[in-house]
Amino acid sequence: MRATEILANEHSLILKALETFTIAKEKLENGDYPEATFFDKAVLFSKNFSDQFHHFKEEYLLFGLLAQKKDGALDLAMGALRYQHERNRLFIKNIEQSIPGYDPKNEITITTILENLAPYISILRRHIHQEDHLFFKLADQELTQAEHDSLTEQFLLEDSNAGARSTYKHHRDLVDEMRAML
Ligand SMILES: [Fe+2]
Ligand SMILES: [Fe+2]
């Protein structure tokens with residue numbers, strides 16, 4: 001399996017989580033209120049799976065290798081993807097901080113959640129689309145088979161250190177739980 005296929009598979013689960021985030025956003029827009037624990041789960045998924053587990057592989061392993069190999073030629077593209085990771089970390093942090101005050105009567109908190117949730121969903125969808133359709137294709141062309149193999153090995157090593165089998169199952173379950181709450 002190519003290293004980029006592992007990342008694209010992880011995108012499928014992240015997109016499923018984003019579907020539930022979108023339903024929650026639409027509920028808030030229409031005066032319906034998911035339980036606060038929905039947002040707790042959404043923050044956990046985003047921090048632990050999307051950011052730590054997935055973005056670590058991209059930023060530290062794939063981008064690192066491409067930066068060395070291409071000697072700066074892909075810096076602009078990787079810089080933009082990194083910037084989107086950073087913006088999304090900030091949106092999730094803001095959502096996390098507003099959860100303790102979450103209450104249908106607290107319009108300021110609902111506004112804060114919406115003003116962070118909406119761009120989070122939008123930027124992450126665009127980000128995943130760009131990675132799947134442009135950046136990973138570029139990476140596939142640039143890397144030799146030996147580099148692909150070594151990157152895949154590093155991904156699998158990282159995954160086994162992070163207890164990947166249980167990480168995938170735990171986060172698939174988390175998405176099912178979020179969906180069931182809406
Ligand atoms: Fe990414
Ligand atoms: Fe990604």
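Each ligand, and each atom within it, is numbered from 1 in the order the structure gives. Counting from 1, the numbers follow the sequence of the chain as shown.
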Crowding at CZ, Arg126 (>12 non-hydrogen neighbours, <6.0 Å)
no
Closest to the Fe ion (ligand 2), among the N/O/S atoms of Glu58, is atom OE2
Within one Ile-Leu-Val-Met-Phe-Trp-Tyr cluster: Leu134 and Ile123, side-chain cutoff 4.5 Å
no
Indicate if the distance from the Fe ion (ligand 1) to the nearest N, O or S atom of His55 falls below 2.8 Å.
no
Under 2.8 Å from the Fe ion (ligand 1) - does any N, O or S atom of His54 fall there?
no
NE2 (His85) to the Fe ion (ligand 1) to NE2 (His127): angle, nearest 10 degrees?
90°
How are the rings of His85 and His127 set relative to one another: parallel (under 30°), tilted (30 to 60°) or perpendicular (over 60°)?
tilted
Given the Fe ion (ligand 2) as the apex, I'd like the angle to NE2 of His11 and OE1 of Glu131, rounded to 10 degrees.
90°
Does Thr37 reach the main-chain N or O of Asp40 with its side chain, forming a donor-acceptor pair under 3.5 Å?
no
Heavy-atom distance under 4.5 Å between the side chains of Leu62 and Leu7, does that happen here?
yes
